[in-house]
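First comes the structure, then the notes that go with it.
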Amino acid sequence: MSEVERHTGEVEGLPVGWRSAPFEGTPVLYLHGVLGSSLLWTPFLEATGGLALDLPGSGASVKAGTFPYSIAAFDGFIERFLDWRGIDSVKLVMHDFGAAGLAFAQRAGGRVESIVLINALALFEGHQWDRLARIWRTPVLGELWMGCLSPRLLRRALREWNAEPLPERDLRQAYKELDFGTQRATLRLYRSVRPGTLAAAGAHLGEIDAPALIVWGERDPVNPIAAAERYAQALGGESELMVLADAGHWPWLESQAVIPAVATFLARN
């Protein structure tokens, strides 16, 4: 089991945080979604090595009110981070809004050797937002929700995201990381998605010819299973689909099969 280390720095004047574990060859780059940071990927890093980036608005990365929190901005941030670290190519593992990494993969396909999607945001037309996302996307209502945030409110909001309630340790960590900067960034990120934004962000998925593993908790109300099937059809490389019937939005918290499957796929590719 590899030891995971915490890092901070600056990329073009913007704070950046990430975690890493020793690796050989092409590194894995883990990209988290909302209600999380690079900390979520710790058990994966222990198994595979690589790097896990705090995306803007999360962890130790930039939370300034002037940053344009959006899929396009995340795409650019990922590229600047890799260039700054001198990393030419990666294996991408993405969860939820970490699917912004697919925007990078479409622009710089030669730098992406393989892809793992875990209950990722659907970059297709017709995405249906879940109840909590609709609250966050609504001005004033989203701010009121964030202003009333407590562990109890968060527990109630997330009770259907997984097949089983989110473990108390993970719930407390998600609450702890929702400081004011992250709250503001989350609202702006959700509101940056306008009609056509998701479809435009995934318009050239067929040009990504890297092999892909698509892991999906079938009981996820945030990113339904239909998105997994669309990704399997849309990506240009060979795709494997792993569906977990009794798991939800964070399937590795409910199935011990997820991390070994991801590690095996990454080692094979």
Side-chain angles (χ1 to χ4, degrees), residues 18 23 25-34 41 44 48-53 55-56 70-127 189 192-193 196-217 220 222-243 251-252 258 261-269:
W18 74 100
F23 61 88
T26 302
V28 184
L29 177 64
Y30 290 94
L31 302 172
H32 65 86
V34 297
W41 297 116
F44 287 85
T48 70
L51 305 98
L53 178 63
L55 287 170
S70 66
I71 292 172
F74 284 10
D75 169 16
F77 190 82
I78 292 164
E79 182 173 40
R80 292 196 295 275
F81 172 74
L82 293 177
D83 290 345
W84 176 62
R85 297 297 302 164
I87 298 171
D88 293 326
S89 59
V90 292
K91 302 175 181 182
L92 286 178
V93 180
M94 296 158 279
H95 175 250
D96 192 68
F97 258 98
L102 288 173
F104 168 72
Q106 290 170 84
R107 289 193 305 102
R111 300 181 69 174
V112 178
E113 293 188 3
S114 59
I115 286 172
V116 178
L117 293 173
I118 306 177
N119 288 77
L121 177 67
L123 301 185
F124 306 104
E125 195 66 60
H127 176 68
L189 176 61
S192 73
V193 180
T197 297
L198 297 180
H204 302 287
L205 290 173
E207 298 177 11
I208 303 175
D209 60 2
L213 172 64
I214 302 168
V215 180
W216 224 268
D220 181 5
V222 180
N223 299 311
I225 185 63
E229 297 162 351
R230 293 187 71 176
Y231 272 125
Q233 296 171 358
L235 289 168
E238 182 178 351
S239 296
E240 303 174 31
L241 182 58
M242 178 182 180
V243 177
W252 65 90
V258 173
V262 170
T264 298
F265 173 82
L266 293 171
R268 188 173 73 243
N269 291 280

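Annotation for A105 and L92: closest pair CB-CD1, 4.3 Å, computed over non-hydrogen atoms. When all heavy atoms of I71 and A103 are compared, the pair lying nearest together is CG2-CB, 4.3 Å. Residues E113 and A210 share a closest heavy-atom pair of O-CB, 3.5 Å. Heavy atoms only, all atoms of each residue included: L266 and K91 are closest at O-NZ, 2.7 Å. Here the shortest heavy-atom pairing between P27 and S89 reads CD-O, 3.5 Å. Shown here for S114 and F265, the closest heavy-atom pair between the two residues is CB-CE2, 4.1 Å.
At least one side-chain heavy atom of I115 sits less than 4.5 Å from a side-chain heavy atom of L102. Considering only heavy atoms from C-beta on, P251 comes within 4.5 Å of I118 through its side chain. Counting only heavy atoms from C-beta outward, the side chains of I87 and L29 never approach each other to under 4.5 Å. Looking only at side-chain heavy atoms (C-beta outward), N119 and V222 stay at 4.5 Å or farther from each other. Put simply, the side chain of Y231 reaches to within 4.5 Å of the side chain of L205, judged on heavy atoms.
A donor-acceptor pair is defined here as one N or O able to donate and one able to accept, closer than 3.5 Å; no such pair exists between the side chain of Y30 and the backbone of H95. Put simply, the side chain of Q106 gets close to the backbone of A201: a donor and an acceptor are under 3.5 Å apart. Proximity of a side-chain donor or acceptor of R230 to a complementary backbone N or O of L123 within less than 3.5 Å is not detected. In this structure, E238 contributes its side chain and P211 its backbone to no donor-acceptor pair below 3.5 Å. Here the side chain of E125 pairs no donor or acceptor atom with the backbone of A199 at under 3.5 angstrom. Using a distance-only test at 3.5 Å, with no hydrogens or angles considered, a donor-acceptor pair links the side chain of W216 to the main chain of N223.
Shown here is E240, whose CD atom has more than 12 heavy atoms of other residues, nucleotides or ligands within 6.0 Å.
Between W41 and W252, the distance from one ring center to the other falls under 6.0 angstrom. Two rings, from F104 and F74, have their centers 6.0 Å or more apart.
With values rounded to the nearest 0.5 angstrom, I214 atom CD1 is found 9.5 Å from Q233 atom CD. The CZ atom of R268 sits 8.0 Å away from atom CG of L213, with the distance rounded to the nearest 0.5 Å. We find the OG-CZ distance between S70 and F77 to be 12.5 Å, quoted to the nearest 0.5 Å. Rounding to the nearest 0.5 Å gives a distance of 9.5 Å between CG of L82 and CG of D88. Between the CG atom of L241 and the CD1 atom of I225 there is a distance of 6.0 Å, given to the nearest 0.5 Å. Atom CZ in R111 sits 11.0 Å away from atom CD1 in I78 (nearest 0.5 Å).
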What verdict does the side-chain contact (heavy atoms from CB on, under 4.5 Å) test give for F44 and V262, after you've listed the backbone C-alpha separation in whole Å, the side-chain angles of each residue and the deciding distance to 0.1 Å?
CA-CA 8 Å; F44 287 85; V262 170; 4.1 Å; yes
